[in-house]
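Below: the structure, in structure tokens.
Values below: every heavy atom of this structure, side chains too, minus hydrogens, waters and symmetry copies.
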Amino acid sequence: MVRVPFRAAADRVRHRLTRFTRPKSAARTTALTPGDLTGSAPKPYVRALSMLAVVVIGAWLGLLAVGSIRTPVGPMDTNMTLRPSLTGGSKINVSPLGALELDSHIAPLRLDVDVDRLDPVRSQALVDQPERFSGLQDEVTRDVAAGTRELAVRSCVAVISGATALGLVVYRRPRRALAAGGLALTLLAASGVSAYATWNPKSVLEPKFSGLLSSAPSLVGDARSIVTEFDIYQQELARLVTNVTRLYDATSTLPVYQPDPGTIRALHVSDIHLNPAAWHIIASLVEQYEIDVIIDSGDTMDHGSAAENGFLDPIRDLGAPYVWVRGNHDSMVTQAYLEKFRNVRVLDDGRTVDVAGLRIAGTGDAQFTPDRTKPVGGRAAAELEGMRLATSLRDQEQAGTPVDIAVAHDPNTARQTDGTVPLVLAGHLHNRINEKLKGGTRLKVEGSTGGGGLRAVQNDKPEKVRASVLYLDRSTRRLQAWDEITLGGLGLTTAEVSRHLPEENLKKDAPSSPAPTPSPTRSPARPTPSP
């Protein structure tokens, strides 16, 4: 009979649990009879831990078995699932485009939404009848709400059934099995309360894209418009649906959102270290994000020799002004070569330039140490150079021409400008740092856009390629948001784009009134490619 092996397996599980719960003396003197789980009474905390293990495992198995639903969301067929998680949040998988992750809540449960396919009938109706886009946002909202309610009911049934069934197998006592089911429902309810209490609607402003979705730039402008102008999101949602539909059906292009005309876009790169692939990446980002100015915080070279100068020639064809400061791997020979390029602005000794509507000042690194064989001044030399830069910035402000962005290679130099400029950029560390300094200056340290260069092959793991797109308001010239682009290093093909907003914008720009309607006279500053 089929039940014989099943019963034998259940007996083995009960026997092992009893070995851990029964006192050793009782284990030696008391024989275990079939169906007997008590013998000598185990300690209360051991019994509680055993019950908790049964509840958690049973609830997890229940969610895996029946804790998901299929539901339509607009023109898409989706599969919604609750999964155990240490961090919570939500993940939207759009195969084969990639994934979108949101820090939507903190709870031991994560919501996974898998977009399985686009319904051809509903999708074609949207393409053929664009006027239906006006109601698409409400339709999607209703579909998601209905799906969430159904998923909640299904999840309750799943965790109760899973915990009760496993409790019955392990304990063979209906009362304890029902207790396991009730405790599972309690844990699910507590998780739901935690998710509700920590729900973060602003998580949509700081998404993390991966896969092909990371190549689709998002609408970025003034932080107030990002939060309040939901009608723009409605239009862009319609554009996204249209493009994804055509991508599935006709291999069309990914959606490119209409850029905000009040935004200056700066691309921050650093520590290229002679990696020729960096120029292709930078050129792609300049075109994709319609960059106004590229800011390089140094270490473009490895040894700063004249023989390396030819490596810099692609800068002429990147399609945007190039602001550069010297790093500790760049020599004065390197600097002199770049000064001959028409589109390059070399900054040193606090020099200031006006480019793309921004006033930028910077200084080269105080040291030239490509191979660490020469005496170095260390941190003291870097800080002294930073003090000189800070003095230049104060002089500019007193003259009525304040600087918007300062640039240095060493973060120790950059920190000395605190209180003299809103934003200071640096590199050198091959790792990202975003810090609001005590005087109000924001320090942004970029990683290696060259993935550490040829030195990366010496590491156990490839160093990632990093760059950031900075969005600044055209009128105030203050940082409104930034996208961190992270690519896999040598031999890797991963890609992520994560959105971030300054803390002060998140605090002051929460919507408190209905969203205003954009002016009909508003026109884009750059052309928008057709879907």
Side-chain angles (χ1 to χ4, degrees), residues 1-70 79-89 91 105-112 114 148-196:
M1 295 294 291
V2 175
R3 289 189 296 177
V4 173
F6 178 80
R7 182 175 300 173
D11 289 340
R12 285 196 296 270
V13 172
R14 288 197 308 274
H15 177 65
R16 291 178 180 177
L17 283 176
T18 306
R19 290 176 58 189
F20 289 105
T21 57
R22 185 190 304 274
K24 293 184 178 179
S25 59
R28 290 191 299 265
T29 58
T30 305
L32 180 66
T33 59
D36 182 21
L37 281 176
T38 56
S40 297
K43 296 181 179 179
Y45 73 88
V46 174
R47 187 187 306 174
L49 289 177
S50 301
M51 174 65 78
L52 183 61
V54 169
V55 168
V56 171
I57 295 174
W60 177 62
L61 293 175
L63 285 176
L64 288 179
V66 295
S68 62
I69 63 166
R70 290 187 58 82
N79 193 62
M80 303 177 67
T81 310
L82 284 179
R83 289 283 182 255
S85 171
L86 297 177
T87 58
K91 185 174 183 179
H105 63 276
I106 299 175
L109 291 174
R110 185 187 74 220
L111 174 63
D112 285 353
D114 297 319
T148 303
R149 288 193 295 269
E150 184 179 351
L151 179 62
V153 174
R154 176 71 67 90
S155 299
C156 289
V157 174
V159 299
I160 293 175
S161 302
T164 302
L166 186 60
L168 192 60
V169 169
V170 172
Y171 297 114
R172 281 194 175 182
R173 295 184 178 183
R175 180 177 297 180
R176 301 199 71 178
L178 291 175
L183 182 56
L185 180 61
T186 302
L187 291 177
L188 180 64
S191 300
V193 171
S194 175
Y196 180 81

Minimum heavy-atom distance between Ala177 and Gly167, given as atom pair plus value: CB-C, 3.9 Å
Whether Arg110 side chain and Gly89 backbone form a donor-acceptor pair below 3.5 Å: no
How long is the span from the OG1 atom in Thr81 to the CZ atom in Arg154, to the nearest 0.5 Å? 10.0 Å
Crowding at CG, Leu61 (>12 non-hydrogen neighbours, <6.0 Å): yes
To the nearest 0.5 angstrom, please state how far the CZ atom of Arg176 sits from the OG1 atom of Thr164. 13.5 Å
Taking the side chain as every heavy atom from C-beta outward, state whether Leu109 and Leu188 have any atom pair closer than 4.5 Å. yes
Check whether any side-chain heavy atom of Met80 sits under 4.5 Å from a side-chain heavy atom of Glu150, and report yes or no. no
Rounded to the nearest 0.5 Å, the NZ atom of Lys91 sits from the CG atom of Asp114 at a distance of 9.0 Å
On a heavy-atom basis, which atom in Ser85 and which in Thr87 lie closest, and how many Å separate them? OG-N, 3.2 Å
So, does Ser194 use its side chain to make a donor-acceptor pair with the main chain of Ala190 at under 3.5 Å? no
Point-to-point distance, once rounded to the nearest 0.5 Å, from OG of Ser155 to CD1 of Ile160: 11.0 Å
Check whether any side-chain heavy atom of Arg83 lies under 4.5 Å from a side-chain heavy atom of Leu64, and answer yes or no. yes
Interatomic distance, Leu151 atom CG to Leu82 atom CG [nearest 0.5 angstrom]: 4.5 Å
In the structure I gave you, are the side-chain heavy atoms of Leu187 and Leu52 within less than 4.5 Å of one another anywhere? yes
What pair of heavy atoms forms the shortest contact from Ser191 to Ala107, and how long is it? O-CB, 3.7 Å
Met51 and Ala179 have their tightest heavy-atom pair at CE-CB, 4.5 Å
